[in-house]
Amino acid sequence: MTYRGVTMLKTENIKVRFAPAPTGYLHVGGARTALFNWLYARNKGGKLVLRIEDTDAVRSTEESTKAIFDSLKWLGIDWDEGPFFQSERKEIYRTYAERLLSKGFAYESEDVKGTHKAVIFRLPSSRKIVIKDIIHDDVEFDTAVFKDIVLMKSDGTAAYNFACVVDDHLMGITHIIRGDDHISNTPKQVLLYEALGFPLPNFAHVPLILGPDGSRLSKRHGATSVGQYKGEGYFNKAFVNFLALLGWAPGDNREKMSTGEIIDSFGLDRIGKKGAIFDVKKLQWLNGVYIREMALEDLTGAVIPYLESAGIVDKDTDREHVKFIVSLVQERLKTFSETPAITGFFFTKDIFYDESAVKKYLLKEGVETILGKIICGIENEERFDVENLEKCFVKIKEEMNISNSKLIHPVRVAVTGSAASPPIFETMVGIGKENCVKRLKNTLSFINDGDFPFKTQNVPPPNPIE
RNA sequence: GACCCCAUCGUCUAGUGGCCUAGGACACAGGGUUUUCAUCCCUGCAACACGGGUUCGACUCCCGUUGGGGUCGCCA
């Protein structure tokens, strides 16, 4: 089997790894790296190892480790071996460091900064190192541009490049798939493989994920952690689908793909070389596609936490009622988190009015007459359902000899406070007869005294749920 | 600054010398459907960074330029 001209040995025993440092939440960049490793392993029937690179005792936290596990779980990424913690493998690294020391490849530092002497690898003065990268083909470095490599820090822990090489070898990693930002570490690691007498694994450096301005995605670009996207109400399957399409494409114009389809089509040979800008608009679109396809029951379950944390529904709210409301907004949703904002008026006692909608539809000639007739009509209907409401509206429409929209628009604003809503009859049923009548009557009095409770600009923000 | 990487519509991408007057999707614009919004449908917009080669023929290969990005820690 060959990829970009590189012959790959033992493709039947693929083993890859994801090796995050637990110094913060899982970044979308890290998530994509994890995903590509996982997809490759699953596609090849290989194995994925999870290794926590917590050699930096100061910056590593248990909280971060937990957050990373949570995010991986949310993404649906599972692993076959590990998690291994580098903090528990000090003796192993020490042994190999001593081996390099005794063979003369490394020396101990003069200045003692900690309790130990640092062990440092002596770099050959000038040597060309060619990395055979599956994505980039050959990349050449001259060792003259590097400084000597720290193997063991003076606090007794192993440094990144060393621990990484020792572990990747001991854990039997065949393919190292990681971000492009590691490519300049690779020649250093190659030197260590050689000195240690380890065979070289295959390397695949995947391009970075970029922010809207083309620079590496970072906090200043907004949401960058997987947890944030979860909290903002993205569906995990949609997020995974989107992430997979960042830097990789199946080649046949498919966009919406199930995880299984992605696994089947995935290959390192179709990963691009160019950094990819994280386009939230496309994520939102894809998320909307998934939401529209969700079973109502599932969507309701996904959305309830947001309604609860917004204080709009509680444990006692009738779930069937919530489900009905959700069914009305399903095709309007891009993320779960916007549900409170667009369904609030169904649940709250009082509503606030959109100022421009009021001006446009309520402060007009004849509106009071129309609303009055609607109130009468509703109160006289024995059953408050879509069918009867429609009959009632038609009757008034004919009586007054006016168009449908002349009737419907004012009523919509009166009962929802907004010019946009799901179909009016369903919406009214969702609001309930009593509430509708009350709002209609209130509206009448607001029109009279010109004292509408308008919506303020600061709509409550979505409540991120971690 | 040194080293490395990258370069197709605004964005994600298809494209491996002729099938390309460059395809798809998002975004955007316009139209249709709808009682509004959304959905859905249709249409439009818009790209091979530049300059040299190689070749009968380059988006595709080579060189250079420009532009962007990454890395230069006893962080990972």
Side-chain angles (χ1 to χ4, degrees), chain A residues 4 19-23 30 53-56 58-60 86 109 111-114 116-120 131 133 135-136 139-142 144-164 178-188 205 207-208 210 212-216 242 245-256 270 272-286 288-289 292 328-334 342 357 360-361 390 393 397 403-409 411-413 416 418-425 427:
Chain A
R4 295 180 195 269
T23 54
E53 307 216 320
D54 56 350
T55 52
D56 185 338
V58 182
R59 296 204 307 151
S60 300
Q86 291 189 324
S109 70
D111 55 321
V112 180
K113 294 177 185 173
H116 301 253
K117 279 183 176 170
V119 179
I120 300 170
I131 295 157
D133 189 278
I135 292 165
H136 295 285
V139 181
E140 190 177 298
F141 289 89
D142 191 323
V145 305
F146 300 121
K147 295 189 210 154
D148 286 357
I149 307 160
V150 174
L151 267 24
M152 299 297 291
K153 296 176 274 184
S154 52
D155 64 356
T157 63
Y160 166 71
N161 283 120
F162 186 54
C164 184
R178 60 180 25 157
D180 256 351
D181 50 335
H182 281 295
I183 200 156
S184 51
N185 279 320
T186 308
K188 302 177 193 175
H205 289 92
L208 301 175
L210 279 17
D213 63 353
S215 71
R216 193 224 260 257
F242 173 74
L245 257 18
L246 231 44
W248 174 83
D252 53 13
N253 291 338
R254 275 179 297 170
E255 299 283 343
K256 200 228 161 205
R270 292 200 64 85
K273 302 180 183 190
K274 196 175 64 163
I277 291 173
F278 191 93
D279 181 6
V280 186
K281 278 271 177 51
K282 185 161 180 177
L283 207 212
Q284 286 173 345
W285 162 75
L286 196 56
V289 172
R292 272 169 250 134
L328 297 182
V329 298
Q330 180 163 17
E331 67 184 20
R332 277 153 253 262
L333 246 29
K334 292 261 183 293
I342 70 170
K360 190 168 175 193
Y361 295 115
E390 185 157 16
F393 272 58
K397 185 187 93 170
S403 71
N404 233 337
S405 54
K406 271 269 184 295
L407 254 189
I408 285 170
H409 291 309
V411 174
R412 170 174 287 115
V413 180
T416 70
S418 159
S421 84
I424 190 64
F425 305 130
T427 297

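Just so you know, these numbers use all the heavy atoms, side chains as well, and skip hydrogens, waters and symmetry mates. So that the names make sense, note that chain A is the first sequence line, chain B the second, and so on, each numbered from 1. Remember, predicted model here, so these are calculated numbers, not experimental data.
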Review point. Can you tell me how far C1' in B:U35 sits from the matching atom in B:U13, rounded to whole Å?
Key: 40 Å
Review point. From the list B:C4, B:U39, B:C12, which nucleotide is the closest neighbour of the side chain of A:Leu246?
Key: B:C12
Review point. A:Arg270 side chain N/O closer than 4.0 Å to the phosphate oxygens (OP1, OP2) of B:G15?
Key: yes
Review point. B:C5 phosphate, OP1 or OP2: any side-chain N/O from A:His205 under 4.0 angstrom?
Key: no
Exercise for review: Quote, to the nearest angstrom, the C1' distance that separates B:C20 from B:G73.
Suggested key: 50 Å
Point to revise | Residues A:Phe242, A:Gln284; criterion side chain to side chain contact (heavy atoms under 4.5 Å, CB included); working and verdict | key: CA-CA 10 Å; A:Phe242 173 74; A:Gln284 286 173 345; over 6 Å; no
Check your understanding: Just by protein heavy atoms under 4.0 Å, how would nucleotides 69-76 of chain B read 5' to 3' in B, S and -?
Key -> SSS-SBBB
Review point. Say you pick atom C1' in B:G51 and the same atom in B:U43; how far apart are they, in whole Å?
Key: 38 Å
Review point. How about A:His136 and A:Asp180: does a side-chain donor come under 3.5 Å of a side-chain acceptor?
Key: yes
Practice item. Could you check whether A:Glu140 gets within reach of a base, just the sugar-phosphate, or nothing at all, counting any heavy atom under 4.0 Å? Key: sugar-phosphate
Check your understanding: Expressed in whole Å, how much space separates the P atoms belonging to B:A47 and B:C6?
Key -> 25 Å
Check your understanding: Given that A:Arg254 and A:Ile277 both sit by RNA chain B, which one's nearest nucleotide is further toward the 5' end?
Key -> A:Ile277
Point to revise | 5'-most by nearest nucleotide on RNA chain B - A:Gly247 or A:Phe146 | key: A:Phe146
Exercise for review: Identify whether any heavy atom of A:Ala249 sits under 4.0 Å from a base atom; if not, whether one sits that close to sugar-phosphate; answer base, sugar-phosphate or nothing.
Suggested key: sugar-phosphate
**Study point:** Test item: A:Ser154 and A:Lys117 side chains (from C-beta on) under 4.5 Å apart, heavy atoms
**Key:** no
**Study point:** Whole-angstrom distance between B:A27 and B:A49, as gauged at atom P
**Key:** 26 Å
Check your understanding: Going 5' to 3' along nucleotides 27-35 of chain B, which nucleotides have protein heavy atoms under 4.0 Å from the base (write B), which only from the sugar-phosphate (write S), and which from neither (write -)?
Key -> S-------B
